[in-house]
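Shown next, in structure tokens, is the structure this report addresses.
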Amino acid sequence: MARNIFISYKYGDTLVPDLNKTELQFIGGRFQYVKRQTRVRDYVDELQEHLKKDSHINLGEKDGESLEDFADETIRTQLKEKIRGSSITLVILSKGMRDTNQPEKKQWVPWEVSYSLRTTTVQNRKSQKNAVLGIVLPDENSTYDWYYTENPACNSITHNTGALFRILNKNMFNRKESLTRECNGTIIHKGECSYIKTVKWSDFKISSEHYIEKAIEIRDNADDYEVIINLD
């Protein structure tokens, strides 16, 4: 089923596996292609190519843009309309997505997630919040260990939500009546326990429609979750 999709991501994060990207540079009096660092935007390009047949896609942050440089009206016209015109926000979760030197409210991804989670009224029409799905990229060593830790003894996986922006963290494991079990003194959540579900990049590429529809299903049952929209 075709969807209007908004993609939120940290453009310049380079803590991702190498995709052997090159760029044209003028060197020694002539143009030539030279290898450059792979960044998250390169994965977003692949994602667009993967989804383009069935979906209309809008993107968030651009290279070098700062949220501080945008007046409220500019943000409203360039971003809010894109988010409100979509039904699902895909958040690309990468190891270096957070700039710890800046307040989160001044960074693109948390602002876009916050707005995606809001219900708004425009011209007397109320729009519902977006579904939000986190797609976890592997790190520069091609592993998912920065976010996922497998626990074979308990047949479970630990999510390192502390590595994410607070608004993402707060909207995970936030089901009001969560089903849990205990293993070796640890509480383990069962079922769809998070409003913001996550999936590995490798798994999403194989079954993208399945994960998108699952996120939409969670959105349609949003009252079952304690959804947090504030950036503080």
Side-chain angles (χ1 to χ4, degrees), residues 7-10 13-19 38 40 43-44 46-47 50 88-100 104 107 109-110 113-114 116-117 130-229 231:
I7 304 178
S8 179
Y9 63 102
K10 177 62 177 176
D13 181 10
T14 57
L15 299 181
V16 291
D18 186 16
L19 293 177
T38 300
V40 167
Y43 283 86
V44 172
E46 286 201 1
L47 183 61
H50 179 69
I88 181 169
T89 297
L90 302 181
V91 186
I92 308 303
L93 306 181
S94 55
K95 184 178 177 180
M97 68 190 299
R98 293 168 60 208
D99 183 349
T100 57
E104 293 191 3
Q107 297 181 58
V109 172
V113 172
S114 174
S116 296
L117 293 171
N130 274 16
V132 182
L133 177 66
I135 302 175
V136 182
L137 295 185
D139 63 17
E140 69 275 24
N141 298 313
S142 298
T143 77
Y144 293 93
D145 296 349
W146 74 272
Y147 184 72
Y148 292 116
T149 301
E150 296 189 11
N151 309 303
C154 292
N155 190 28
S156 66
I157 298 176
T158 298
H159 295 232
N160 181 21
T161 59
L164 307 178
F165 290 107
R166 286 191 300 274
I167 194 164
L168 293 167
N169 189 333
K170 291 177 180 178
N171 286 288
M172 294 177 179
F173 303 100
N174 62 331
R175 192 179 179 97
K176 294 175 182 177
E177 297 182 8
S178 184
L179 299 175
T180 62
R181 61 184 173 90
E182 186 174 339
C183 179
N184 296 334
T186 300
I187 300 298
I188 298 171
H189 293 261
K190 299 164 60 178
E192 297 301 343
C193 51
S194 299
Y195 185 81
I196 300 180
K197 182 181 177 66
T198 65
V199 57
K200 291 180 179 179
W201 166 256
S202 54
D203 292 336
F204 182 79
K205 287 194 298 181
I206 295 171
S207 304
S208 56
E209 185 65 22
H210 165 76
Y211 288 106
I212 287 174
E213 290 305 316
K214 180 58 67 174
I216 294 291
E217 180 182 323
I218 291 172
R219 189 276 311 274
D220 291 343
N221 293 282
D223 289 343
D224 293 341
Y225 299 84
E226 196 68 46
V227 177
I228 305 297
I229 64 174
L231 292 175

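Keep in mind that this is a model prediction, so the values were computed, not measured.
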Please report the interatomic distance CD(Glu213) to CG(Asp220), rounded to the nearest 0.5 Å. 9.5 Å
If you take all heavy atoms of Val16 and Leu137, which pair is closest and at what distance? CG1-CD1, 3.9 Å
Aromatic plane relationship, His189 with Phe173 - under 30° parallel, 30 to 60° tilted, over 60° perpendicular: tilted
Sidechain-backbone polar pair: Asn171 side chain, Ile167 backbone, donor-acceptor under 3.5 Å: yes
Walk me through whether Ile92 and Met97 qualify under side chain to side chain contact (heavy atoms under 4.5 Å, CB included). CA-CA 9 Å; Ile92 308 303; Met97 68 190 299; over 6 Å; no
Closest heavy-atom contact between Met172 and Leu93? CE-CD1, 4.5 Å
Rounded to the nearest 0.5 Å, what separates atom NZ in Lys10 from atom OG in Ser94? 9.0 Å
Side-chain heavy-atom pair Arg98, Glu104 within 4.5 angstrom cut-off: yes
Side chains of Cys154 and Ile188, heavy atoms from C-beta outward: is any pair under 4.5 Å? yes
Looking only at heavy atoms, what is the nearest atom pair of Pro110 and Leu231, with distance? O-CD2, 3.3 Å
Is it the case that over 12 heavy atoms from other parts of the model lie below 6.0 angstrom from the CD atom of Glu46? yes
Inspect the contact between Arg175 and Asp224 and indicate whether a charged nitrogen and a carboxylate oxygen are less than 4.0 angstrom apart. yes
Give me the atom names and distance for the closest heavy-atom approach of Ile196 to Gly134. CG2-N, 4.1 Å
Rounded distance (nearest 0.5 Å) linking atom NZ of Lys170 with atom CG of Asn174: 12.0 Å
Can you tell me how far apart CG (Leu133) and CD1 (Ile218) are? Round to the nearest 0.5 Å. 8.0 Å
Evaluate the side chain to side chain contact (heavy atoms under 4.5 Å, CB included) criterion for residues Leu90 and Phe204: first the C-alpha distance (whole Å), next the side-chain angles of each, then the deciding distance (0.1 Å), finally the verdict. CA-CA 11 Å; Leu90 302 181; Phe204 182 79; 4.2 Å; yes
Without hydrogens or angle criteria, can the side chains of Ser194 and Tyr225 be said to hold a donor-acceptor pair below 3.5 Å? no
Is the closest side-chain heavy-atom distance between Pro138 and Thr143 below 4.5 Å? no
So, for Lys200 and Glu150, which heavy atoms are closest and what is the spacing to 0.1 Å? NZ-OE2, 4.0 Å
Output, in order, the C-alpha distance, side-chain angles, deciding distance and verdict of side chain to side chain contact (heavy atoms under 4.5 Å, CB included) for Ile216 and Ile88. CA-CA 7 Å; Ile216 294 291; Ile88 181 169; 4.2 Å; yes
So, does Asn130 use its side chain to make a donor-acceptor pair with the main chain of Val132 at under 3.5 Å? no
Would you please say whether a donor-acceptor pair under 3.5 Å links the side chains of Thr158 and Thr149? no
Just wondering, more than 12 heavy atoms not from Glu177 lying within 6.0 Å of its CD? no
So do Leu47 and Ile135 actually touch side chain to side chain, heavy atoms under 4.5 Å? yes
Show the numbers, then the answer: is there a side chain to side chain contact (heavy atoms under 4.5 Å, CB included) between Leu168 and Val113? CA-CA 8 Å; Leu168 293 167; Val113 172; 4.0 Å; yes
What is the distance from atom NZ of Lys190 to atom OG1 of Thr180, rounded to the nearest 0.5 Å? 8.0 Å
Ser142 OG to Glu140 CD distance, which is reported to the nearest 0.5 Å: 9.0 Å
Under 3.5 Å donor-acceptor, Asn155 side chain and Asn151 backbone: no
Establish, from distance only, whether the side-chain atoms of Thr161 and Tyr147 form a donor-acceptor pair under 3.5 Å. no
Tell me, do Leu15 and Trp146 make a side-chain contact under 4.5 Å, heavy atoms counted? no
Exam field: side chain Ser114 to backbone Ile229, donor-acceptor pair closer than 3.5 Å: yes
Which residue in the set Tyr9, Tyr43, Tyr144 passes ring-ring contact (aromatic ring centres under 6.0 Å, His included) when paired with Trp201? Tyr43
Shortest non-hydrogen contact from Ser156 toward Arg181: CB-NH2, 4.2 Å
